[in-house]
Q: 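My questions will all concern the structure given below.
All of these numbers come straight from a predicted model, not from anything done at the bench. All chains are named by letter (A, B, ...) in the order of the sequence lines, taking the proteins before the strands, and each is independently numbered beginning at 1.
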Protein chains: 2
Amino acid sequence: MAQDALSAKAPEERRDRILRATVDVVRDRGFAGTRVSDIADAAGTSQGLILYHFRSLAGALNAALTLLEDEFYEDLDRDLREQAGPVERLRHMADLAAGMGPAVGDWRLWLELWVRALHDDDARATRESLDRRWRSALREVISEGQATGDFDPADTDASAMRLASLMDGLAIQLALGDRGMTPERLSDLWWQGAVTELRMPV
Amino acid sequence: MAQDALSAKAPEERRDRILRATVDVVRDRGFAGTRVSDIADAAGTSQGLILYHFRSLAGALNAALTLLEDEFYEDLDRDLREQAGPVERLRHMADLAAGMGPAVGDWRLWLELWVRALHDDDARATRESLDRRWRSALREVISEGQATGDFDPADTDASAMRLASLMDGLAIQLALGDRGMTPERLSDLWWQGAVTELRMPV
DNA sequence: CACCAGTCTGAACGGACGTTCAGGTAGCCT
DNA sequence: AGGCTACCTGAACGTCCGTTCAGACTGGTG
């Protein structure tokens with residue numbers, strides 16, 4: 001028995017496990033409901049270790065946020081690069097947001113982030129950055145589609161803003177478990193909206 | 001000096017003052033950040049009285065929610081009844097949501113409500129009810145506009161859902177203070193979206 | 001006036017929870 | 001081997017905060 005199953009090989013792995021546990025706890029307890037002991041339980045460590053690696057509960061929460069941010073970027077970049085043309089890319093964004101991407105479609109978490117952003121500056125910065133990234137990806141795809149002739153929006157900026165906002169709004173229904181809102185319906189509703197908004201040829 | 005300025009005429013007025021104070025505190029501290037002492041300070045009463053009138057902090061918060069719900073309905077009904085035709089009504093809904101109505105455009109509060117709805121059943125019910133009401137008002141206006149020939153949506157239900165969601169999404173930007181998002185821009189972006197979505201004649 | 005019910009207060013209580021701390025273990029350098 | 005550093009733990013501490021409570025004040029009723 002060279003290694004105890006509980007003790008990770010490297011401290012860094014323990015640290016990572018704590019962050020992942022933090023994300024999990026926040027997802028279903030919310031930022032406000034997350035206790036140090038919850039994270040400790042979920043990560044299988046002591047409370048002390050969490051305070052040792054991060055300086056405070058807030059430190060752990062913020063570190064979890066930046067982890068999330070990084071994963072969001074990775075997901076988005078990797079997934080979009082795989083798609084051939086602008087139409088496919090846009091279609092894929094709908095599916096990603098509908099929950100097919102591990103980080104991108106994590107709407108309960110984004111909801112929590114939005115509200116935390118109302119009161120916490122770190123969260124505000126993270127939120128802004130995520131949103132900017134998502135919107136600029138969207139705008140890029142639209143521009144690309146304009147170049148290829150697939151899209152013909154009346155006002156590119158306004159269309160990008162509307163489509164991004166539409167996604168957020170639909171996602172709220174999904175996150176809150178509204179009757180009749182499913183990932184598929186979200187994807188469809190958004191795609192139809194994009195077809196209209198970008199005046200795609202049918 | 002028949003009446004002390006601090007002591008309200010009727011206990012009911014005190015109760016009401018507490019509820020209003022609760023709403024105020026929640027609006028800028030959030031549900032999670034709201035303490036009994038905050039409410040007491042804002043209402044100019046003792047902590048005890050809040051626990052006397054409502055059974056607990058949660059009781060006060062929930063009572064504040066139903067107050068909000070009632071005011072939302074009043075605002076919406078009164079304001080919409082004043083408008084002449086479907087086009088004017090729809091236009092007015094944009095303005096209402098952009099923050100011209102005292103209760104309707106209170107987006108920070110709605111954001112807080114959404115997240116609370118993730119974890120609290122009372123909040124969930126209130127949210128659902130508010131959303132249903134708003135969406136059905138929207139759907140009604142759209143139907144009316146179809147009857148008069150002002151609107152011609154491809155799919156009425158889908159259009160209503162998209163326009164409601166678009167509003168929520170835009171409102172998030174507004175509530176979070178995104179650069180470049182103002183009530184006027186929100187109203188414009190939404191209205192343009194509605195023009196497209198409902199295929200209004202220009 | 002005496003009594004009572006409703007309203008209101010400020011202090012006290014007790015539990016929850018973030019943080020601190022004293023110490024224990026394991027790898028690593030000399 | 002000895003010792004140093006990083007990592008980790010569980011208990012203890014102190015604070016914050018919701019709730020309870022004993023009593024004061026008021027207006028109305030017999």
Side-chain angles (χ1 to χ4, degrees), chain A residues 1-26 28-65 112 116 119-120 122-123, chain B residues 1-26 28-65 112 116 119-120 122-123:
Chain A
M1 208 75 63
Q3 296 281 33
D4 188 329
L6 279 179
S7 75
K9 282 175 286 185
E12 212 166 315
E13 197 182 300
R14 296 277 264 165
R15 202 186 124 101
D16 205 61
R17 205 180 334 174
I18 291 173
L19 281 182
R20 241 156 256 295
T22 305
V23 172
D24 288 343
V25 174
V26 170
D28 61 62
R29 289 257 224 284
F31 278 104
T34 295
R35 309 273 159 261
V36 176
S37 60
D38 296 329
I39 301 176
D41 289 349
T45 69
S46 65
Q47 299 195 23
L49 189 61
I50 288 150
L51 279 297
Y52 171 76
H53 277 302
F54 313 93
R55 284 173 42 85
S56 62
L57 172 59
L61 294 176
N62 287 334
L65 276 185
E112 292 283 348
R116 190 173 169 83
H119 309 106
D120 176 281
D122 280 303
Chain B
M1 207 80 60
Q3 296 280 34
D4 186 329
L6 279 179
S7 75
K9 281 174 286 183
E12 211 167 317
E13 196 182 301
R14 296 280 260 160
R15 204 187 124 101
D16 204 62
R17 201 176 341 170
I18 291 173
L19 281 182
R20 242 156 254 297
T22 304
V23 171
D24 288 343
V25 174
V26 170
D28 62 61
R29 288 257 222 285
F31 279 104
T34 295
R35 310 274 160 259
V36 176
S37 60
D38 296 329
I39 301 176
D41 288 350
T45 69
S46 65
Q47 298 195 23
L49 190 60
I50 287 149
L51 279 297
Y52 171 77
H53 277 301
F54 312 93
R55 284 173 42 83
S56 63
L57 172 59
L61 294 177
N62 287 333
L65 276 186
E112 292 284 348
R116 189 172 170 83
H119 308 106
D120 176 282
D122 280 304

Q: Please state how far atom CD in A:Gln47 lies from atom C1' in C:dT19, giving the value in whole angstrom units.
A: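 Atom CD in A:Gln47 sits about 10 Å away from atom C1' in C:dT19.
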Q: Going by an N to O cut-off under 4.0 Å, is there a salt bridge joining B:Arg20 and B:Asp24?
A: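 The answer is no: the pair does not qualify as a salt bridge.
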Q: Counting the atoms with a prime plus P, OP1 and OP2 as sugar-phosphate, which does B:Leu57 contact under 4.0 Å by heavy atoms, base, sugar-phosphate, or nothing?
A: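 Touches sugar-phosphate only.
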Q: Let me know the distance between CG of B:Leu49 and P of D:dA22, rounded to the nearest Å.
A: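 Going from CG in B:Leu49 over to P in D:dA22 covers 19 Å.
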Q: If I take atom CD1 in residue B:Ile18 and atom P in nucleotide C:dT7, what distance separates them, rounded to the nearest angstrom?
A: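 Computing the B:Ile18:CD1 to C:dT7:P distance gives 12 Å.
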Q: Rounded to whole angstrom units, what separation is found between the CZ atom of A:Phe54 and the P atom of D:dC8?
A: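 Nearest whole value for this atom pair: 11 Å.
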Q: A side-chain contact here means heavy atoms from C-beta on lying under 4.5 Å apart; do B:Asn62 and B:Arg116 qualify?
A: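 Yes, side chains in contact.
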Q: What's the closest nucleotide to the A:Tyr52 side chain, out of C:dC8, D:dT19, D:dC7?
A: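 Closest nucleotide among those given: D:dC7.
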Q: Picking from D:dT20, D:dC8, C:dT9, which would you name as closest to the side chain of B:Ser46?
A: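 My answer, after comparing the listed nucleotides, is C:dT9.
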Q: Find the distance A:Arg17:CZ to D:dC7:P and express it as a whole number of Å.
A: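 The answer, rounded to whole Å, is 16 Å.
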Q: Please state how far atom CG in A:Leu51 lies from atom C1' in D:dA11, giving the value in whole angstrom units.
A: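 Interatomic distance, CG of A:Leu51 to C1' of D:dA11: 14 Å.
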Q: Check the pair B:Ile50 / B:Thr22 against side chain to side chain contact (heavy atoms under 4.5 Å, CB included), numbers first and verdict last.
A: CA-CA 10 Å; B:Ile50 287 149; B:Thr22 304; over 6 Å; no
Q: Are side-chain heavy atoms of B:Phe54 and B:Leu61 found at a separation under 4.5 Å?
A: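 Answer no - side chains too far apart.
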Q: What nucleotide, of D:dT20, D:dC8, D:dT9, holds the atom closest to the side chain of A:His53?
A: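 The nucleotide sitting nearest to the side chain is D:dC8.
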Q: B:Ile50 has an atom CD1; how far is it from atom P of D:dC17, in whole Å?
A: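 The answer, rounded to whole Å, is 14 Å.
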Q: Say whether, by atom type as modelled, one donor and one acceptor occur between the side chain of A:Gln47 and the main chain of A:Val36 under 3.5 angstrom.
A: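 Checked: no pair found.
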Q: Taking atom P of D:dG27 as reference, at what distance in whole Å does atom CZ of B:Arg14 sit?
A: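 So the two atoms are 13 Å apart, to the nearest Å.
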Q: Just wondering, do B:Ile39 and B:Leu57 contact through their side chains at under 4.5 Å, heavy atoms?
A: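 Heavy-atom side-chain distance check passes, below 4.5 Å.
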Q: Where along residues 28-39 of chain A does a heavy atom fall under 4.0 Å from DNA chain C?
A: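 A:Thr34, A:Arg35, A:Val36 - these, ordered by number, are the residues of the stretch whose heavy atoms sit under 4.0 Å from the strand.
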Q: So does A:Arg35 get a backbone contact from the side chain of A:Asp38, meaning a donor-acceptor N/O pair under 3.5 Å?
A: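 Yes; at least one donor-acceptor contact below 3.5 Å.
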